[in-house]
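Just so it is clear: chains get the letters A, B, ... in the order the sequence lines come, proteins before strands, and each one is counted from 1.
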Amino acid sequence: MKSAVVLVPGLNRDRDMIAALTKVSGQAPATLWQTETTLPEGLDLIVIPGGFSFGDYLRCGAIAARMPVMRAVADAAKRGVTVLGVCNGFQILVEAGMLPGALMRNTSLKFVCREVKLQVTNANTAFTRQYQPNQIIRCPVAHHDGNYFAEPEELERLEGEGRVVFRYAENTNPNGSINDIAGIMNASGNVLGLMPHPENLIESAHGGDDGRGIFESVLAKAA
Amino acid sequence: MIKARVTVTLKNGVLDPQGKAIEGALGTLGFEGVSGVRQGKVFDVEINGTDKAKAEADIKQMCERLLANTVIENYSISMD
Amino acid sequence: MIKARVTVTLKNGVLDPQGKAIEGALGTLGFEGVSGVRQGKVFDVEINGTDKAKAEADIKQMCERLLANTVIENYSISMD
Amino acid sequence: MISNDLAITSDLVASHGLKPDEYQRILDLIGREPSFTELGIFSAMWNEHCSYKSSKKWLRTLPTTGPQVIQGPGENAGVVDIGDGDVVVFKMESHNHPSYIEPYQGAATGVGGILRDVFTMGARPIAAMNALRFGAPDHPKTKHLVSGVVAGVGGYGNAFGVPTVGGEVNFDARYNGNCLVNAFAAGLAKSDGIFLSEAKGVGLPVVYLGAKTGRDGVGGATMASAEFDEKIEEKRPTVQVGDPFTEKCLLEACLELMASGAVIAIQDMGAAGLTCSAVEMGAKGDLGIELDLDKVPVREDAMSAYEMMLSESQERMLMVLKPEKEAEAEAIFVKWGLDFAIVGKTTDDLRFRVLHQGVEVANLPIKDLGDQAPEYDRPHVEPKKPAPLAANDIPQADIADALLKLLNSPDMSSRRWVYEQYDTLIQGNSLQRPGGDAGVVRVEGHASKALAFSSDVTPRYCEADPFEGGKQAVAECWRNITATGALPLASTDNLNFGNPEKPEIMGQLVSAIKGIGEACRALDFPIVSGNVSLYNETNGQAILPTPTIGGVGLLKDWDRMARIAFSGENQPILLVGAPQQWGTHLGQSVYLRDIHGRNDGPPPPVDLEAELKVGIFVRGLIERGVAKSVHDLSDGGLAVGLAEMAMASGIGATVPGLADIDPIPVFFGEDQNRYLVALDLDAQGSEFEALLREAEAAGIFAPWIGTTGGTDLKLGQARAVPVADLVNAHESWFPAFMEG
Ligand SMILES: Nc1ncnc2c1ncn2[C@@H]1O[C@H](COP(=O)(O)OP(=O)(O)O)[C@@H](O)[C@H]1O
Ligand SMILES: [Mg+2]
């Protein structure tokens with residue numbers, strides 16, 4: 001699998017993501033600095049990792065979404081390249097208009113870092129094939145603004161089209177997100193944003209590998 | 001130099017967790033009869049030049065392209 | 001019902017990392033001649049009753065006790 | 001703008017915290033009256049915070065060397081060898097006064113400062129801890145301080161991207177007027193990639209990098225050394241605001257710059273920013289420094305030389321760069337969006353010269369600024385030893401009720417409310433997150449190595465007996481690290497005390513340092529860095545003496561690591577290192593304080609020889625793979641220790657207790673050098689037998705006190721308590737306090 005990780009100042013889970021992609025695919029991803037306007041040929045996957053791009057100033061992901069590299073990522077997505085945004089990456093995808101809705105401040109108004117349960121609501125996607133439908137997996141979260149919001153019509157569309165891919169399960173919603181939404185995808189099914197951090201749960205040192213399935217699914221698709 | 005203030009507020013109907021929490025906290029502090037608390041942002045900016053109309057048009061562009069998320073937010077501009 | 005808007009801004013001289021980052025981003029987006037960007041907050045509140053003077057006094061208390069961090073922020077109140 | 005020619009009156013001198021004899025010393029040194037800027041420079045360099053004038057004499061007595069120590073005190077952080085060419089770089093520092101005034105920003109900039117100390121040395125930060133002390137929970141300011149400080153620690157560390165793996169939180173009315181925020185950070189580097197502050201070479205550019213200079217914290221270092229009084233409000237405008245985003249960019253830029261070979265010397269700007277950093281770089285390298293303030297990037301208009309020299313704006317660095325690498329360096333600064341400027345040069349005249357708007361505003365002997373700082377042997381009185389409790393003075397309580405009450409108390413309850421606001425797993429290497437004995441982080445790029453971190457001190461012990469309390473802080477830190485299976489390598493200390501000009505307070509400081517020194521020597525746990533925070537007093541009321549110890553240990557193979565959770569049912573539990581009656585010492589215990597409202601008696605003494613012996617034995621069990629579940633005993637004794645192991649695992653235990661012995665000291669005594677070890681062995685088997693004999697042969701009392709299993713904790717004759725009830729008591733205090 002040929003993958004690439006987007007780098008914007010303030011992102012800080014880039015190293016975690018690069019390590020996870022390397023361990024799962026056996027190949028280190030390329031990196032894409034914020035100013036780049038052309039992408040390497042033949043990419044199967046572009047990942048926007050978590051962190052605090054531009055300090056989360058203004059709105060989470062707002063400034064990063066307007067950096068040149070994101071135009072190239074949007075073009076690649078239009079051509080069908082698989083794009084995954086995790087945490088701040090999800091916020092950036094939303095701010096870039098590549099996913100609908102908005103991610104608001106957690107209802108507790110506090111940063112929250114803990115493990116939650118996720119339901120794989122749609123196991124028939126490029127990102128979730130390795131899971132069973134409605135399987136419950138463990139996954140850590142670490143964010144301040146993960147409270148997903150969408151207008152009622154938009155929400156209906158997301159739910160109706162099976163584009164809510166992950167949901168917080170067993171009363172573990174950590175942020176007040178509407179319909180317990182933890183991850184959604186675009187209409188073509190090649191762009192996924194999710195708040196939790198699967199890259200931090202892929203090996204025994206992490207205390208489990210429930211997050212691996214996402215990377216393995218994408219890998220299987222690429223193969 | 002032209003000074004302007006941009007005010008960005010959440011659209012009606014958009015959930016405002018911060019406003020809600022603040023309303024709750026005001027109640028806890030004993031302030032009664034407070035409702036509808038909504039939190040927004042202001043930006044003070046200074047623009048080179050003296051052409052107010054141009055400055056206002058520029059600031060409108062800044063709002064559309066960066067300062068406001070027009071999916072969930074409204075903005076208004078006031079000039080000195 | 002009385003409607004009021006509280007505007008909270010950083011005191012002069014207090015570092016505003018957000019303002020700084022936004023100014024940088026505006027530059028990257030090609031807006032020229034923008035400087036002195038400072039970010040603040042607004043709170044819209046509704047107060048029961050009709051006594052404006054009392055409402056204003058109450059809101060002042062809310063600012064002192066919760067809405068503003070008077071160590072580093074100033075506030076101003078405007079009523080409808 | 002205040003002119004540099006401002007008349008130097010005795011009031012002005014006094015308002016700079018300089019005593020008349022100290023001012024006389026300045027006059028003697030430079031042979032003339034200082035300018036206003038020079039007075040500011042002296043006040044910054046000679047205040048307690050930078051000069052350690054009250055503590056230096058005693059700090060010198062601490063052990064700071066060992067084969068593992070690469071760099072001891074004297075640089076931004078200590079450096080310790082962990083093999084394979086890797087080193088760990090760490091330090092702890094206080095931000096007490098700023099956090100009391102503005103808790104969020106005070107704590108945030110405290111974290112920022114300590115991270116900078118670590119990466120200035122060339123290390124990438126991999127772990128952070130924070131040791132916090134607040135006033136009584138019912139004091140009107142406490143909640144506000146807790147929520148602000150915790151949010152600030154998280155706000156900075158999370159955005160910067162370092163996992164927070166440990167810390168402490170205590171409440172006591174003695175901190176009502178002065179909270180304590182001690183921040184620890186550790187980073188990883190290669191032994192040949194360490195950077196120091198010593199400038200080398202004449203005529204080389206001195207480069208400023210990072211954020212712009214504002215008026216933040218002008219007078220801040222002076223404030224940190226001043227006792228609070230009612231006029232605290234007036235000191236407010238000196239608050240510094242942290243910008244973790246710029247710090248993260250600064251980290252990446254510095255590491256890239258160091259890798260490029262451009263850096264000769266580097267020093268972060270901390271307290272008294274430009275002044276301290278420039279003087280230190282020059283003085284260490286036996287060079288003069290000339291600064292041109294017109295080149296300094298500023299964010300405010302009309303800043304005077306005085307303000308620029310004393311500004312504590314955050315996220316700034318000073319370096320000496322190789323001139324031929326200038327273009328390469330500049331490209332890195334630009335990439336990371338950082339301000340930079342050549343603000344001066346090194347000279348050969350040993351003068352510290354500052355130019356502003358064409359005028360020389362300061363011209364001082366650079367070495368004297370540090371070397372000639374006053375040093376005091378302040379009068380101190382030996383603290384009185386408290387009388388022991390009478391042998392029959394054992395106030396009674398129901399064991400189960402007392403345990404539940406302790407678990408639900410401010411000091412003993414779960415800190416989950418706090419640490420869930422911290423990113424504890426970023427970087428993907430956290431093997432043990434907060435909640436256990438020590439935080440453990442895997443060493444990236446190595447198959448099996450990991451580092452363990454703990455921060456400890458028991459202030460009520462230090463108040464009762466600073467010498468024993470100092471020993472105990474070191475021993476507990478060492479023990480917590482040992483309990484994971486790691487070998488404790490070295491430590492850092494953060495000495496928080498009241499006003500050293502009072503002989504009783506100075507007596508506490510001196511005794512605590514003696515105790516710390518003795519324990520560090522006995523346990524081969526040298527102090528490689530640290531910080532002193534004095535004058536933690538308000539209206540004459542001092543804090544409890546709080547010498548925080550931060551320690552680092554090395555696990556050779558994290559596959560052989562112990563955790564506090566029971567690892568299975570039907571495992572025999574040993575109480576390793578216990579006295580014959582399992583527990584005896586109630587003086588200064590939380591049982592006496594929180595159940596009976598008493599704080600008398602001496603603290604438990606630490607037998608350092610036994611501590612070492614027991615620790616080595618326990619580590620041996622972990623390394624052999626028979627002990628996966630280990631917990632040291634501290635506050636709350638055996639009962640609380642067992643409860644914590646049960647709660648962490650959801651597995652109960654039955655501990656029958658001793659016949660004919662009062663169960664209160666058995667279960668709540670706080671005797672030192674004890675561990676609970678649950679063995680992955682059959683209690684009927686020969687291996688278990690052999691292990692017990694081994695302990696005996698080593699002269700270690702390690703009775704088999706009970707067995708894991710079930711869903712209740714059964715202590716002696718007391719009623720069985722469901723583990724779920726323990727968890728409920730333990731988890732509910734903090735959220736109820738903060739959200740109630
Ligand atoms: N209590 C202490 N024990 C040992 N070393 C100390 C202690 N306090 C300070 N030091 C050392 O003195 C030096 C100066 O400390 P400090 O001024 O706090 O450092 P920085 O300038 O990096 O903030 C450092 O090397 C520090 O490690
Ligand atoms: Mg412990």
Side-chain angles (χ1 to χ4, degrees), chain A residues 7-23 33-35 49-58 60 63-64 67 86-88 106 108-116 139-145 174 196-209 211, chain D residues 124-126 147 150-164 242-253 334-338 416-434 440-442 444-445 447-448 450 558-559 561 563 735 738-739:
Chain A
L7 300 182
V8 176
L11 288 181
N12 59 20
R13 263 190 169 74
D14 49 331
R15 296 161 63 84
D16 306 41
M17 189 57 81
I18 290 169
L21 288 168
T22 308
K23 280 174 187 161
W33 183 242
Q34 58 168 344
T35 50
F52 290 71
S53 57
F54 293 95
D56 269 1
Y57 300 144
L58 185 58
C60 301
I63 299 178
M67 290 301 119
V86 169
C87 200
N88 197 212
N106 297 347
S108 66
L109 304 191
K110 291 199 288 285
F111 186 93
V112 56
C113 177
R114 67 164 77 116
E115 189 172 297
V116 299
C139 200
V141 297
H143 61 249
H144 208 158
D145 299 77
H197 288 286
E199 75 276 21
N200 285 141
L201 197 64
I202 60 144
E203 54 185 317
S204 66
H206 295 158
D209 61 0
Chain D
R124 181 179 282 279
I126 56 151
S147 80
V150 170
V153 169
Y156 206 102
N158 299 346
F160 178 83
V162 65
T164 298
D243 180 359
F245 168 61
T246 295
E247 178 113 326
K248 164 78 167 143
C249 294
L250 196 55
L251 160 74
E252 301 299 343
V334 169
K335 172 182 171 192
W336 290 100
L338 296 167
R416 186 181 305 277
W417 185 92
V418 174
Y419 63 71
E420 282 194 347
Q421 295 185 56
Y422 302 151
D423 198 328
T424 51
L425 47 81
I426 186 161
Q427 299 187 8
N429 295 315
S430 303
L431 301 172
Q432 290 202 42
R433 293 155 66 183
V440 182
V441 170
R442 169 164 81 143
E444 210 167 270
S448 64
W558 55 263
D559 224 16
M561 174 176 74
R563 302 173 183 270
M738 291 308 296
E739 275 133 43

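Heavy atoms only, all atoms of each residue included: W558(D) and A205(A) are closest at CH2-CB, 3.5 Å.
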With side chain to side chain contact (heavy atoms under 4.5 Å, CB included) as the test, would you mind laying out the steps for M738(D) and K110(A) before giving the verdict? CA-CA 12 Å; M738(D) 291 308 296; K110(A) 291 199 288 285; over 6 Å; no

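Taking chain A as the reference chain and counting heavy-atom pairs below 4.5 Å, the highest number among L431(D), N158(D), T424(D) is found for N158(D). Here A159(D) is the residue among G161(D), A159(D), G155(D) with the most heavy-atom pairs under 4.5 Å with chain A. When the candidates D243(D), V150(D), T246(D) are compared by the number of heavy-atom contacts under 4.5 Å with chain A, D243(D) comes out ahead.
Interface remark: S147(D) contributes no atoms to any contact with chain A (heavy atom separation under 4.5 Å). Interface residue R433(D): only side-chain heavy atoms are found under 4.5 Å from chain A. Neither the backbone nor the side chain of E247(D) comes within contact range of chain A; no heavy atom of the residue lies under 4.5 Å from a heavy atom of that chain. Within the 4.5 angstrom heavy-atom criterion, no atom of A19(A) approaches chain D. Only the backbone of L11(A) has a heavy atom closer than 4.5 Å to any heavy atom of chain D. The parts of F54(A) that come within reach of chain D are both its backbone and its side chain, each placing non-hydrogen atoms under 4.5 angstrom from that chain.
Note: I426(D) CD1 to E199(A) CD = 9.0 Å, rounded to the nearest 0.5 Å. A distance of 7.5 Å separates OG in S108(A) from CD in Q421(D), rounded to the nearest 0.5 Å.
Counting heavy atoms from C-beta outward, N12(A) and E252(D) have side chains that stay 4.5 Å or more apart.
If you run side-chain contact (heavy atoms from CB on, under 4.5 Å) between L425(D) and each of H206(A), R13(A), R114(A), only R13(A) comes through.
Salt bridge annotation for R442(D)-E203(A): present, with a cationic side-chain nitrogen under 4.0 angstrom from a carboxylate oxygen.
No close placement of the F245(D) and F52(A) rings is indicated, their centers lying 6.0 Å or farther apart.
Looking only at distances, no side-chain donor or acceptor of D423(D) sits under 3.5 Å from a matching main-chain atom of C113(A).
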